[in-house]
K.L.:
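Shown below is the structure under consideration.
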Amino acid sequence: LPIALVGEVGYAVVPVSGLICWGLFGIQEIGLMIEEPFRRTLPIEVITDSIYADVHETLYMNDWWEKGTDKDKKTKKDEEKAEKAEVKAKEKARNAEKEMERIEEKAKGQKGKDRREE
């Protein structure tokens, strides 16, 4: 190309060849950017890592939430069991008191009977 232009342009062929070369390399670079648009212009790895982390968090958020609610359910069940155990303990204490009163009454009755026999 430069030899063909020497007759028409003369010594200006050097800068003209430079401009033509710059234009062709620019077209080549534009073609490469079109083939892989995210390689040089956008940090695609950062974007994809961020999207992956968000999707992963969204998918496993349900598992985390269910674990938390199961824990709350267990806590409520434990509270119910504790209340039932407390009621049973109070009932046993009342029964024990009644049994003690019955034994004391029996013992008093026995003492009175023993005194009468003397």
Side-chain angles (χ1 to χ4, degrees):
L1 184 69
I3 296 173
L5 291 176
V6 169
E8 293 181 27
V9 181
Y11 290 111
V13 85
V14 176
V16 169
S17 297
L19 288 173
I20 291 172
C21 194
W22 177 75
L24 291 174
F25 279 129
I27 291 171
Q28 174 68 23
E29 197 63 32
I30 290 170
L32 291 174
M33 289 178 77
I34 290 172
E35 286 178 5
E36 299 177 36
F38 302 114
R39 179 162 294 220
R40 295 186 186 135
T41 56
L42 292 173
I44 194 69
E45 291 176 4
V46 175
I47 294 170
T48 56
D49 290 343
S50 176
I51 291 170
Y52 177 80
D54 290 342
V55 169
H56 188 267
E57 181 182 345
T58 303
L59 289 175
Y60 293 104
M61 182 71 159
N62 193 25
D63 293 343
W64 173 80
W65 183 258
E66 287 176 0
K67 286 180 185 176
T69 54
D70 287 345
K71 185 178 180 183
D72 292 341
K73 288 178 184 176
K74 288 179 183 176
T75 304
K76 290 178 182 177
K77 287 180 182 178
D78 291 341
E79 288 176 4
E80 289 174 3
K81 285 181 183 178
E83 288 176 10
K84 287 179 182 179
E86 187 177 341
V87 168
K88 285 182 180 180
K90 287 180 180 179
E91 190 175 315
K92 283 183 180 180
R94 278 190 228 119
N95 289 340
E97 286 176 12
K98 287 179 182 178
E99 186 67 25
M100 287 298 289
E101 288 174 3
R102 190 179 62 78
I103 291 172
E104 286 175 0
E105 290 293 325
K106 202 175 199 182
K108 285 181 185 178
Q110 189 69 19
K111 283 183 185 178
K113 192 176 182 182
D114 289 341
R115 287 184 186 168
R116 284 187 218 147
E117 288 179 2
E118 291 177 0

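On a predicted model such as this, the values are computed, not experimentally measured, just so you know. Here, residue 1 is the first one in the sequence, and each next residue gets the next number.
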K.L.:
Supply the atom-to-atom distance W22 CH2 to I27 CD1, rounded to the nearest 0.5 angstrom.
P.N.:
10.0 Å
K.L.:
Going by the rule side chain to side chain contact (heavy atoms under 4.5 Å, CB included), which residues pair with V14 if we only count those two or more places apart in sequence or in a different chain?
P.N.:
none
K.L.:
According to the side-chain hydrogen bond (donor to acceptor under 3.5 Å, both in side chains) rule, which pairs have a member within residues 90-103, sequence neighbours left out?
P.N.:
E99-R102
K.L.:
Nearest 0.5 Å, please: how far is CG in L19 from CG in L24?
P.N.:
11.0 Å
K.L.:
Kindly write out the residues that satisfy side chain to side chain contact (heavy atoms under 4.5 Å, CB included) with I51, not counting sequence neighbours, or none if the list is empty.
P.N.:
I47, V55
